Each structure stands twice: as C-alpha cells, then as structure tokens.
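When a residue number appears, it is its place in the shown sequence, counting from 1. From a predicted model like this one, the values you see are computed outputs, not experimental measurements.
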Amino acid sequence: MVKKKQLRLIAEMARKIRAYRELKSRPRESQKYALDYETLKRPHTGKMLPVLAWQDVRRETRLFSLLAGMRMFGVGRMFTRKSWLEEHPEPSYWQITKVKVDYTAENMDHGKAWGILSHKGKQESEAKEVDKAIYHDWRLIPKHMEQQFKEFEPLPEPPVRYVPYPPLLRAMMLAQFKKAHGSAATEEPALPSRRDVLLNKDYFREQEKAAQRKEGTPV
C-alpha cells in the first residue's frame with residue numbers, strides 16, 4: 001500500500017508566511033519605475049535612462065500622468081503615442097476601458113490600464129492591458145478629433161504575388177546560381193503565387209513541340 005503523504009501544518013504555514021513576506025517586500029511599480037528628472041536616473045536601481053529617451057522624458061508625458069488628472073481616470077477617452085504618429089500615417093490609438101490606480105503612489109500616477117487597441121486603422125475585438133504605459137511619449141486625443149480617428153478606413157492589403165521557396169529548394173537554387181555565376185545571388189528567389197496560363201489545346205500542342213525540339217524526333 002502507498003503511504004499517504006502527511007501534511008506538515010507548521011511547515012506549510014511557514015512557507016505561506018515566507019511567500020507573503022516576499023510579496024510584501026517587493027517594490028511597487030511606483031517605486032520601481034520612479035524617476036529623478038534632474039539626473040534622469042531611477043532611484044530604485046540607480047540606472048540612467050538611455051540617451052535617446054532624454055528628449056522625450058523632458059517634453060512628453062507618461063500615460064498615467066495624463067490619466068491621474070482626468071475625470072474617472074480617463075475611462076472612455078482615446079490616447080495615442082508620439083512614436084505612432086511619426087512612424088505611420090494610419091491612426092493608432094488605445095481607447096481606455098478600465099483603470100486600476102496605485103493609490104500608494106505620491107501623485108497616483110502609477111497603476112495598470114486596459115483598453116481596446118486600434119493599430120494602423122484596424123481595431124482589435126477584445127480589451128487587453130495597455131503595454132509600455134511608463135514610456136514618455138503618450139498624448140491625449142482631443143474630443144473633436146476622436147471621430148476622425150474612428151472613421152478611418154484602412155486600405156485593402158495587396159494580394160500576395162510571390163512566396164518564398166521551401167528552405168531545402170532555396171538552398172539548392174542559391175548553390176546552383178553561385179556555381180554557375182561564381183558569385184552569390186543578390187535577389188532572394190521567390191515563387192509566383194499565381195500563374196496566368198490558358199490551358200487549352202494550343203497550349204498542350206506548344207508544350208509537345210517544345211519537348212520534341214529539345215529531345216529530337218525519334219527515328
């Protein structure tokens with residue numbers, strides 16, 4: 001018979017206490033991501049921000065710095081990012097649906113937010129947690145411009161005309177090209193996804209004639 005494992009109540013209680021103390025001793029997000037704007041260092045880790053981020057830190061705003069000063073913490077409003085505005089002309093934004101504020105933060109400018117993402121004019125169906133909320137490049141979309149962002153219709157994606165070859169066949173083609181020309185191929189071999197060929201009697205006759213010319217007429 002298999003012995004039943006005895007439950008050690010004291011050891012189990014000690015494990016829960018250790019896990020609770022470890023959880024309580026973890027730094028909160030407001031402590032972890034706090035920033036000294038004079039030295040541009042994080043006091044918790046002592047690390048300095050990357051040089052490329054200095055300009056945005058001085059000029060732009062974090063998401064929760066905007067949410068903290070708004071009614072109902074900005075639920076229902078739309079936010080975009082400076083990097084999105086610079087990278088592509090299609091509108092990309094978050095519509096905030098839920099906010100969980102860290103009330104232990106000094107200015108209540110830390111926490112978590114959820115919303116519906118619209119990226120390059122394509123809106124996702126479900127709400128999810130907003131990522132990169134600590135970045136200093138968030139901007140509030142004014143109410144008179146919200147409808148302009150929502151009414152954008154994305155252009156249809158162009159059809160796929162070429163697809164890559166399978167890896168083994170691609171390697172064989174590149175090796176054959178290098179052997180024939182003495183140098184590596186500059187263009188990636190691609191296979192057309194569609195071939196416009198009219199399969200009638202004339203097509204098959206031409207194929208037969210071409211095969212005969214290549215092989216020769218039997219005697």
Side-chain angles (χ1 to χ4, degrees), residues 1-88 91-120 122-141 146 149:
M1 293 179 64
V2 180
K3 271 190 173 183
K4 286 188 177 180
K5 188 176 180 181
Q6 292 183 354
L7 185 64
R8 301 172 61 190
L9 298 178
I10 296 178
E12 184 67 17
M13 187 180 296
R15 186 189 65 79
K16 290 183 178 180
I17 291 173
R18 286 195 300 269
Y20 176 75
R21 286 178 177 173
E22 184 180 351
L23 183 65
K24 293 293 286 184
S25 63
R26 279 193 314 178
R28 292 182 172 271
E29 285 195 358
S30 56
Q31 299 170 337
K32 189 177 178 181
Y33 297 114
L35 181 65
D36 186 352
Y37 286 90
E38 293 183 1
T39 61
L40 296 179
K41 288 184 178 180
R42 298 202 184 276
H44 180 70
T45 59
K47 293 182 178 180
M48 183 175 286
L49 291 182
V51 178
L52 295 176
W54 290 2
Q55 186 176 358
D56 284 344
V57 168
R58 294 191 175 99
R59 294 183 180 181
E60 303 295 332
T61 315
R62 292 185 299 106
L63 176 62
F64 268 87
S65 298
L66 296 170
L67 295 176
M70 298 181 67
R71 182 174 173 268
M72 295 180 63
F73 291 101
V75 173
R77 297 299 302 273
M78 293 163 55
F79 296 84
T80 186
R81 296 177 58 191
K82 174 193 168 187
S83 56
W84 289 345
L85 296 173
E86 292 176 348
E87 286 173 4
H88 39 76
S92 298
Y93 58 90
W94 282 93
Q95 186 165 16
I96 303 300
T97 57
K98 178 184 173 183
V99 176
K100 185 178 180 181
V101 184
D102 183 3
Y103 291 100
T104 62
E106 184 177 356
N107 299 316
M108 291 193 297
D109 56 352
H110 286 273
K112 293 183 179 181
W114 289 262
I116 298 174
L117 173 64
S118 295
H119 186 63
K120 293 186 178 181
K122 295 180 181 179
Q123 184 175 352
E124 296 187 359
S125 57
E126 295 182 358
K128 62 180 182 180
E129 186 177 349
V130 179
D131 59 342
K132 299 179 181 178
I134 63 169
Y135 282 32
H136 288 74
D137 67 341
W138 288 90
R139 294 181 180 180
L140 172 66
I141 299 175
E146 288 184 355
F149 275 71

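- Remark: K47 NZ to R42 CZ distance equals 10.5 Å, nearest 0.5 Å.
- Using a 4.0 Å cut-off between charged side-chain N and carboxylate O, D137 and R81 make a salt bridge.
- Atom-to-atom distance recorded for R15:CZ and I10:CD1 is 15.0 Å, nearest 0.5 angstrom.
- The side-chain heavy atoms of Y135 and D56, taken from C-beta on, include no pair separated by under 4.5 Å.
- Counting non-hydrogen atoms of other residues, nucleotides and ligands closer than 6.0 Å to NZ of K82 gives a total above 12.
- Here CG of L35 is found 5.0 Å from CG of L49. Values are rounded to the nearest 0.5 Å.
- The main-chain N or O of S92 is found under 3.5 Å from a side-chain atom of T80 such that the two form a donor-acceptor pair.
- Shown here for E124 and I116, the closest heavy-atom pair between the two residues is O-CG2, 3.3 Å.
- Contact check for Y93 versus R77: no side-chain heavy atoms found under the 4.5 Å cut-off.
- Proximity of M70 to V75: side-chain heavy atoms (C-beta onward) are nowhere separated by under 4.5 Å.
- Taking the side chain to side chain donor-acceptor pair (under 3.5 Å) definition, one finds that T97 meets it with nothing, sequence neighbours left out.
- Inter-residue side-chain proximity for Q31 and H110 is flagged as unmet; no heavy-atom pair is nearer than 4.5 Å.
- One distance of note links NE2 of H88 with OG of S83; it measures 7.5 Å at 0.5 Å rounding.
- Residues L140 and M78 come closest through the heavy atom pair CD1-O, 3.6 Å.
- Here CD of E22 is found 10.0 Å from CZ of R18. Values are rounded to the nearest 0.5 Å.
- Sorted by first and then second residue, the ring pair (Phe, Tyr, Trp, His ring centres under 6.0 Å) pairs involving residues 23-43 (not counting sequence neighbours) are Y37-H136.
- Not one N or O on the side chain of W84 forms a donor-acceptor pair closer than 3.5 Å with the backbone of H119.
- Listed by chain and residue number, nothing satisfies the ring pair (Phe, Tyr, Trp, His ring centres under 6.0 Å) test with Y103 (two or more places apart in sequence, or in another chain).
- Using a 4.5 Å cut-off on side-chain heavy atoms (C-beta onward), D131 and W94 make contact.
- Contact detail for V99 and F73: the closest heavy-atom pair is CG2-O, 3.6 Å.
- Of all the heavy atoms in D109 and F64, the pair that sits closest is O-CB, 3.1 Å.
- Here the closest non-hydrogen pair linking K41 and G46 is CD-O, 4.0 Å.
- Closest non-hydrogen pair, A34 versus P43, comes out as O-CD, 3.2 Å.
- Atom CH2 of residue W54 and atom CZ of residue R58 lie 7.0 Å apart, to the nearest 0.5 angstrom.
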